[in-house]
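First comes the structure, then the notes that go with it.
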There are 2 protein chains.
Amino acid sequence: MISKNKSLPVIEYANHTSNSEVCYPSCDQCIAKYVSMCSVLEENELNDIAGISKNIRIIAKQQICVEGETAEYLFNIKSGCVRISKMLADGRRQIIGFLFPGEFFGLACSNGYSYTAETITDTELCRMPRADIIKKFSDIPKLGQKVLNITHAELQRTQDQMLLLGRKSAKEKLATFLLNLIDKSMRDHNKKVYLPMCRSDIADYLGLTIETVSRQFTILSKENLISLSDSQFVEILNLDKLDIIASGG
Amino acid sequence: MISKNKSLPVIEYANHTSNSEVCYPSCDQCIAKYVSMCSVLEENELNDIAGISKNIRIIAKQQICVEGETAEYLFNIKSGCVRISKMLADGRRQIIGFLFPGEFFGLACSNGYSYTAETITDTELCRMPRADIIKKFSDIPKLGQKVLNITHAELQRTQDQMLLLGRKSAKEKLATFLLNLIDKSMRDHNKKVYLPMCRSDIADYLGLTIETVSRQFTILSKENLISLSDSQFVEILNLDKLDIIASGG
DNA sequence: CGTGCATTTGACCACCTTCAATAAAGGTGG
DNA sequence: CCACCTTTATTGAAGGTGGTCAAATGCACG
């Protein structure tokens, strides 16, 4: 699975709690400069933040931060895929979201992280001290406003997910999930989607079991709405019909 | 049901689209001054916003704004209870949240409202022009920051609700719901909670049917965890056990 | 080629839904 | 104030969607 992710060059990875971190060298080629909170910053402001940030590389399936832990850092994703989740005492898990390059996480409003974040693929992060960034919201008002916009957009996506979890059938859930992924990766221009996450991640995201997810994949395939060349690669064959299913038509 | 809501004096109500609106007379006794976005404002800033706001009274079970409609206004709740919801094409509904005095809604990030808002009880609102308030985020940075804090807290509550909708059983859902209401109304100091919303509202909030909600109320009663003197009044008899159930223990 | 993990498929079951009937509460008019 | 009607809530019985348990298949890697 990891070897299929071509977006990362061959580099040495390090757990971000180890001391092999390097100071953020340059934001020039960082995607966050264009789409994330950093996009509102002037050159000098960007350098300022880069000076207090660190570049982190983490291999797949590692924890980045844990629900309840003191929230010291804010993370911008430069490459890879991250899942954030919450758990019940007995181990039942709900995945809150999958995050891709340009997105950030860790902006807790209490002292502790409200969710656990883990890498799905090998991931490159920009790690910023949370308290310092929050201070910057005052110094650079447009940064705070940008974060408000991002947070509010995130809130609306989460509310859409509430509708999905509370009221959609298994089939509708999976169709919605696939269409949302298409939206995110439409830059690839074709209708083939790579799923970096495994079936149990999809299940815990949609409030289902892996068996039900698998069965629904099979059903959508048999109806010629999608094609599964590999369990990680989905080709959308009939976007319109999938859309109708996803919206409960 | 309406007559039981003693928080409102006997006044004439008007739909907010009619012309019987009155300019916001004074913020002196408004709860929003203490707990909402308005709490960060100086006297003159508050007056400034009051000058462009209107005081609205709406009777129970009326629409305030509709999903998709152009988002012209932002609303602060002064008294009463409001539900916000989203619908699928075939009528399936998910209630996103119940809002109480001091809370606000309507801060859409696109042009249209992302949800429908309706009064549950008779409600008094402070209606502010959305575009003007958003402009004020720049003029008064601490206002923008306060709204960011509120929005982020709201995001975390919504994520908790995702865990509930995706992974909790009917019994756990209802226990969680009751405990959350207790938290909100603990100012009443006893463990008797008034439920302004009907069973179908609770069902659509928890991703259940009214029958299942009703059955779970009965079960919790028979286990002596709660007492239902009236379908709208719940007394918590065993908070600890309810807590264990709610958290999936 | 064997081991280990992820995914798929099958059989059975349970929780919640659906459908239906009854009970209780609220509102209106006499 | 009570009869009547409507709305809401409760309870019961039957059914279905998705869950649980189990086995088989597929794939990567040594």
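FYI, side chains are in, hydrogens and waters are out, and symmetry mates aren't considered; it's all heavy atoms of this structure. In what follows, chains carry the letters A, B, and so on, assigned in the order in which the sequence lines appear, proteins first and then strands, with residues in each chain numbered from 1. Computed from a predicted structure; not experimentally measured.
A donor-acceptor pair under 3.5 Å is absent between the side-chain atoms of B:Thr123 and the main chain of B:Gly80, judged by distance alone. Although no hydrogens or angles enter the test, the distance criterion places a donor-acceptor pair under 3.5 Å between the side chain of B:Glu172 and the main chain of B:Ser169. Under the 3.5 Å distance criterion, the side-chain polar atoms of A:Gln94 are matched with a main-chain donor or acceptor of A:Asp204. Panel note: side chain A:Asp122, backbone A:Ala60; a donor-acceptor pair is recorded below 3.5 Å.
Taking the centre and axis of the six-membered ring of B:Phe217, the NZ or CZ atom of B:Arg199 falls inside the cone set by 45° and 6.0 Å. Relative to the ring axis of A:Phe98, A:Arg83 does not place its NZ or CZ within 45° and under 6.0 Å from the centre.
For the segment residues 83-96 of chain B, no residue has any heavy atom less than 4.0 angstrom from an atom of DNA chain D.
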Would you tabulate the nitrogen or oxygen pairs shorter than 3.5 Å linking the protein to nucleotides 13-16 of chain C?
unit_1: C:dC16; atom_1: OP1; unit_2: B:Ala170; atom_2: N; d: 2.8

Distances under 3.5 Å between protein N/O atoms and the N/O atoms of nucleotides 21-23 of chain D, please, pair by pair.
unit_1: D:dC21; atom_1: N4; unit_2: A:Glu211; atom_2: OE2; d: 3.1

Using atom names, set out every protein N or O paired with an N or O of nucleotides 3-5 of chain C below 3.5 Å, distance rounded to 0.1 Å.
none

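Protein atom CZ of B:Phe233 is 14 Å distant from nucleotide atom P of D:dA9, rounded to whole Å. Remark: C1' of D:dC27 and CG of A:Leu228 are 15 Å apart, rounded to the nearest angstrom. Atoms NZ (B:Lys173) and C1' (C:dT17) sit 12 Å apart, rounded to a whole Å. We find that CD1 of A:Ile219 is positioned 10 Å from P of D:dT17, with the value rounded to whole Å.
Checked against side-chain contact (heavy atoms from CB on, under 4.5 Å), A:Thr218 has the following partners two or more places apart in sequence or in another chain: A:Lys222. Not a single ring-ring contact (aromatic ring centres under 6.0 Å, His included) links A:Phe100 to another residue, sequence neighbours left out.
Residues A:Thr116 and A:Lys86 have side chains that never bring a donor and an acceptor to within less than 3.5 angstrom of each other.
Across C:dT9, D:dT10, C:dT7, the shortest atom-to-atom separation from the side chain of B:Ser214 is found for D:dT10.
For the pair A:Asp201 and A:Arg93, the salt-bridge criterion is met [side-chain N within less than 4.0 Å of a carboxylate O]. Comment: B:Lys78 does not engage B:Glu103 in a salt bridge, judged by the lack of any side-chain N to carboxylate O separation of less than 4.0 angstrom.
Nucleotide C:dC16: paired with D:dG15 (Watson-Crick or G-U wobble, both distances less than 3.5 Å).
For the pair A:Arg167 and A:Ser231, nearest-nucleotide mapping onto DNA chain C gives the more 5' position to A:Ser231.
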